[in-house]
Amino acid sequence: MPNYRADRMSEDIQREIAAILREMKDPRLHKGIISVVRCETAHDLSYSKVYISSIEGLDTAREAVKALKNAQGFIRRELGVRLKLRYAPVLAFEATDSIEYSANIARLLNDIQYSEPEDNGENEE
């Protein structure tokens, strides 16, 4: 039987952590554009894994993860208050390079688009 509650809670946690990130004053979180890419929550809602990415690269994302691990108690308490949870899930933060990877793919596709010769109807049979 599918567990839709965990999926909804993952989306809520992702949205609220992104909002908490904007409010935090740690300089490691404001070096560049930091984004919460994905959140996976266990079916019993006791554990949540949050993936953090940065457009500047994996090193910036790792610095942000260090800052988030230091503020894990604060973030967990804020989640409990904002989502009105009796027990807030234990948070695990992990750095990923998905934003940098997707920006690189977009750049490659853009280069291919402009480097292809235009077809002006010269291939008529």
Side-chain angles (χ1 to χ4, degrees):
M1 178 184 237
N3 191 356
Y4 299 113
R5 184 166 186 237
D7 294 337
R8 285 193 319 258
M9 187 60 66
S10 291
E11 292 174 7
D12 290 342
I13 289 172
Q14 181 177 349
R15 184 187 66 240
E16 290 301 327
I17 287 179
I20 292 169
L21 278 175
R22 287 190 298 268
E23 297 170 4
M24 290 179 66
K25 297 190 182 355
D26 195 324
R28 294 176 288 185
L29 296 175
H30 300 290
K31 283 185 180 178
I33 300 172
I34 304 294
S35 177
V36 179
V37 179
R38 188 172 75 235
C39 181
E40 296 173 353
T41 303
H43 292 292
D44 62 353
L45 306 178
S46 64
Y47 180 81
S48 187
K49 193 170 193 179
V50 182
Y51 295 91
I52 305 295
S53 185
S54 173
I55 193 122
E56 280 80 20
L58 194 56
D59 293 333
T60 307
R62 286 184 181 141
E63 286 295 318
V65 165
K66 286 180 187 176
L68 292 172
K69 284 182 180 178
N70 287 340
Q72 184 177 9
F74 169 76
I75 296 170
R76 189 173 176 199
R77 180 179 55 88
E78 282 294 313
L79 275 177
V81 169
R82 292 177 184 208
L83 297 176
K84 297 181 178 82
L85 299 174
R86 180 175 290 179
Y87 300 108
V90 175
L91 300 172
F93 297 101
E94 187 170 322
T96 181
D97 64 345
S98 60
I99 291 179
E100 181 185 23
Y101 179 75
S102 62
N104 188 28
I105 295 293
R107 192 176 316 112
L108 291 173
L109 289 173
N110 197 18
D111 291 345
I112 290 171
Q113 179 182 0
Y114 289 119
S115 67
E116 289 183 0
E118 292 183 15
D119 186 22
N120 294 330
E122 297 172 336
N123 281 345
E124 294 181 17
E125 293 180 26

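One-based numbering along the sequence shown.
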Is there a path from [X] to [Y] through hydrophobic residues (I, L, V, M, F, W, Y) whose side chains come within less than 4.5 Å of each other?
X: Leu85; Y: Ile20; result: yes
X: Leu58; Y: Val65; result: no
X: Ile52; Y: Phe74; result: yes

Just by distance, do the side chain of [X] and the backbone of [Y] share a donor-acceptor pair under 3.5 Å?
X: Ser10; Y: Thr41; result: yes
X: Arg28; Y: Glu63; result: no
X: Ser53; Y: Ser35; result: no
X: Gln14; Y: Val37; result: yes

Item to check | Among Met9, Glu16, Glu11, the one residue meeting side-chain contact (heavy atoms from CB on, under 4.5 Å) with Ile13 | outcome: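 The passing option is Met9.
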
Checklist entry - If you group Ile, Leu, Val, Met, Phe, Trp and Tyr whenever their side-chain heavy atoms sit less than 4.5 Å apart, what else falls in with Tyr87? => result none

Next on the checklist: Holding to side-chain hydrogen bond (donor to acceptor under 3.5 Å, both in side chains), I want the full list of residues that pass it with Lys69, two or more places apart in sequence or in another chain.
Outcome noted: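 Lys69 satisfies side-chain hydrogen bond (donor to acceptor under 3.5 Å, both in side chains) with no residue once adjacent residues are dropped.
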
Checklist entry - For Leu83, does the CG atom have more than 12 heavy-atom neighbours from other residues, nucleotides or ligands under 6.0 Å away? => result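 Atom CG in Leu83 is packed in, count exceeds 12.
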
Looking only at non-hydrogen atoms, find the nearest pair between [X] and [Y] and report the distance.
X: Arg76; Y: Ala88; value: NH2-O, 2.9 Å
X: Leu29; Y: Ile34; value: O-CG1, 3.4 Å
X: His30; Y: Met24; value: NE2-O, 2.7 Å
X: Phe93; Y: Ile17; value: CE2-CD1, 4.4 Å

Next on the checklist: Between Val90 and Gln72, is the side-chain contact (heavy atoms from CB on, under 4.5 Å) condition met? List the steps.
Outcome noted: CA-CA 9 Å; Val90 175; Gln72 184 177 9; 4.3 Å; yes

To the nearest 0.5 angstrom, please state how far the [atom1] atom of [X] sits from the [atom2] atom of [Y].
X: Tyr47; Y: Glu40; atom1: OH; atom2: CD; answer: 9.5 Å
X: Cys39; Y: Leu91; atom1: SG; atom2: CG; answer: 7.5 Å
X: Leu108; Y: Asn104; atom1: CG; atom2: CG; answer: 4.5 Å
X: Lys84; Y: Arg86; atom1: NZ; atom2: CZ; answer: 15.0 Å
X: Ile75; Y: Leu21; atom1: CD1; atom2: CG; answer: 6.5 Å

Item to check | Side-chain donor-acceptor contact under 3.5 Å, Arg107 with Asn110 | outcome: no

Checklist entry - How would you list all residue pairs meeting salt bridge (charged side-chain N to carboxylate O under 4.0 Å, His left out) that involve residues 90-99, not counting sequence neighbours? => result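 For residues 90-99, and leaving out neighbouring residues, the salt bridge (charged side-chain N to carboxylate O under 4.0 Å, His left out) pairs sorted by first residue read Lys49-Glu94.
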
